[in-house]
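Each remark here refers to the structure printed beneath this line.
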Amino acid sequence: MIICSYCQAQQLDGTIFCTVCGASLINTKSQRQTTASLNRAAAEAAELVEDGATILPAPANPAVGPALALVVLSSGRRIELPAAPELLIGRKDQQRGFFPDVDFSLDGGYDAGVSRRHARIVCSNNRYGLEDLGSANGTFLNRQRLPPGQPMPLQHGDEVQFGMLLVRFEVSS
């Protein structure tokens with residue numbers, strides 16, 4: 001049996017994803033590289049570095065800043081993002097208790113390969129970072145696949161692909 005390091009559910013040997021929470025079980029015995037372990041590693045690092053500039057986690061009550069949005073390119077749907085230091089991106093699963101801040105269920109997220117806990121956007125001092133959370137089908141920033149657990153700088157106009165779902169990140173003053 002394999003124990004999911006995220007939710008502690010028991011899974012049969014050879015299972016690739018936890019049937020309870022959807023976390024990756026690949027390398028669980030040796031490296032424990034599930035979504036939860038990647039999140040813990042990222043939290044311990046607690047900083048995002050771009051060309052020598054450090055982005056620290058935002059305070060609990062961030063100041064009112066620019067308006068953020070994700071635009072789903074296939075439908076044109078604009079998703080206004082709440083002001084928060086961190087936004088979870090994925091798809092809702094009520095039965096298993098997954099309620100991401102940005103839910104791509106209405107945009108064909110399941111068929112497009114969006115994981116329940118797919119990625120996150122980190123916001124601090126009007127600077128943004130995108131991090132893949134060990135998703136099954138990957139996160140791409142301007143057509144470059146992001147390594148899981150490593151936040152990358154995110155800027156206005158960047159194209160982001162969650163699995164096969166393509167969106168544009170927008171910042172307006």
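Predicted model, so just to flag it, every value in this text is computed and none were measured. All values below were derived from every heavy atom in this structure, side-chain atoms included, with hydrogens, water molecules and symmetry-related copies excluded.
- Evaluation of the side-chain contact (heavy atoms from CB on, under 4.5 Å) rule for Gln94 yields Lys92, Phe99 as partners, not counting sequence neighbours.
- If you chain together hydrophobic residues whose side chains sit under 4.5 Å apart, Val160 and Ile79 fall into the same group.
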Worksheet item: Taking it one step at a time, do Leu146 and Leu130 satisfy side chain to side chain contact (heavy atoms under 4.5 Å, CB included)?
Response: CA-CA 9 Å; Leu146 299 182; Leu130 177 66; 3.6 Å; yes

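- The salt bridge (Lys or Arg N to Asp or Glu O under 4.0 Å) check on Glu159 picks up nothing, with sequence neighbours excluded.
- Between atom CG of residue Leu81 and atom CD1 of residue Ile121 there is a gap of 5.5 Å, rounded to the nearest 0.5 Å.
- The main-chain N or O of Gln155 is found under 3.5 Å from a side-chain atom of Asp158 such that the two form a donor-acceptor pair.
- Contact detail for Pro82 and Leu87: the closest heavy-atom pair is CG-CD2, 3.6 Å.
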Discussion item. For Leu88 and Val102: C-alpha separation, side-chain torsions, deciding distance, then whether side chain to side chain contact (heavy atoms under 4.5 Å, CB included) applies.
Written reply: CA-CA 6 Å; Leu88 178 63; Val102 179; over 6 Å; no

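- With sequence neighbours excluded, no residue satisfies side chain to side chain donor-acceptor pair (under 3.5 Å) with Asp101.
- The salt bridge (Lys or Arg N to Asp or Glu O under 4.0 Å) check on Asp107 picks up Arg77, with sequence neighbours excluded.
- By the ring-ring contact (aromatic ring centres under 6.0 Å, His included) test, Phe140 pairs with no residue at all, sequence neighbours left out.
- Of the inter-residue distances, the one linking Asn142 atom CG with Leu154 atom CG reads 8.5 Å to the nearest 0.5 angstrom.
- The stretch residues 138-157 participates, sequence neighbours left out, in no salt bridge (Lys or Arg N to Asp or Glu O under 4.0 Å) pair at all.
- Here the shortest heavy-atom pairing between Leu68 and Cys123 reads CD1-SG, 4.0 Å.
- The side chain to side chain donor-acceptor pair (under 3.5 Å) test applied to Arg168 returns Glu170, not counting sequence neighbours.
- Considering only residues two or more places apart in sequence or on other chains, Phe162 meets the ring-ring contact (aromatic ring centres under 6.0 Å, His included) condition with Phe104, His118.
- With sequence neighbours left out, Gln161 forms a side chain to side chain donor-acceptor pair (under 3.5 Å) with no residue at all.
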Item to complete: Test Leu141 against Phe169 for side chain to side chain contact (heavy atoms under 4.5 Å, CB included), laying out the working first.
Response: CA-CA 10 Å; Leu141 178 59; Phe169 179 70; over 6 Å; no

Practice prompt. For Arg96 and Arg116, run side chain to side chain contact (heavy atoms under 4.5 Å, CB included): C-alpha distance rounded to whole Å, both residues' side-chain angles, the deciding distance at 0.1 Å, then the answer.
Written response: CA-CA 10 Å; Arg96 294 193 173 137; Arg116 292 176 189 95; 2.6 Å; yes

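- Partners of Ser74 under the side chain to side chain donor-acceptor pair (under 3.5 Å) rule, at least two apart in sequence or in another chain, do not exist in this structure.
- Tyr110 is linked by a side-chain contact (heavy atoms from CB on, under 4.5 Å) to Arg91, counting only residues two or more places apart in sequence or in another chain.
- Residues Thr139 and Ile89 form no side-chain contact, since every pair of their non-hydrogen atoms from C-beta on lies 4.5 Å or further apart.
- Leu133 and Met164 sit in two unconnected hydrophobic clusters of ILVMFWY residues. Membership requires side-chain heavy atoms under 4.5 Å apart, directly or through other members.
- Pairing each heavy atom of Ser135 with each of Gly138, the nearest pair is OG-N, 3.1 Å.
- Here the closest heavy-atom approach between residue Ser115 and residue Ala136 is recorded as OG-N, 3.2 Å.
- Side-chain contact check for Ser105 and Asp103: at least one donor-acceptor pair (N or O, by modelled atom type) lies under 3.5 Å.
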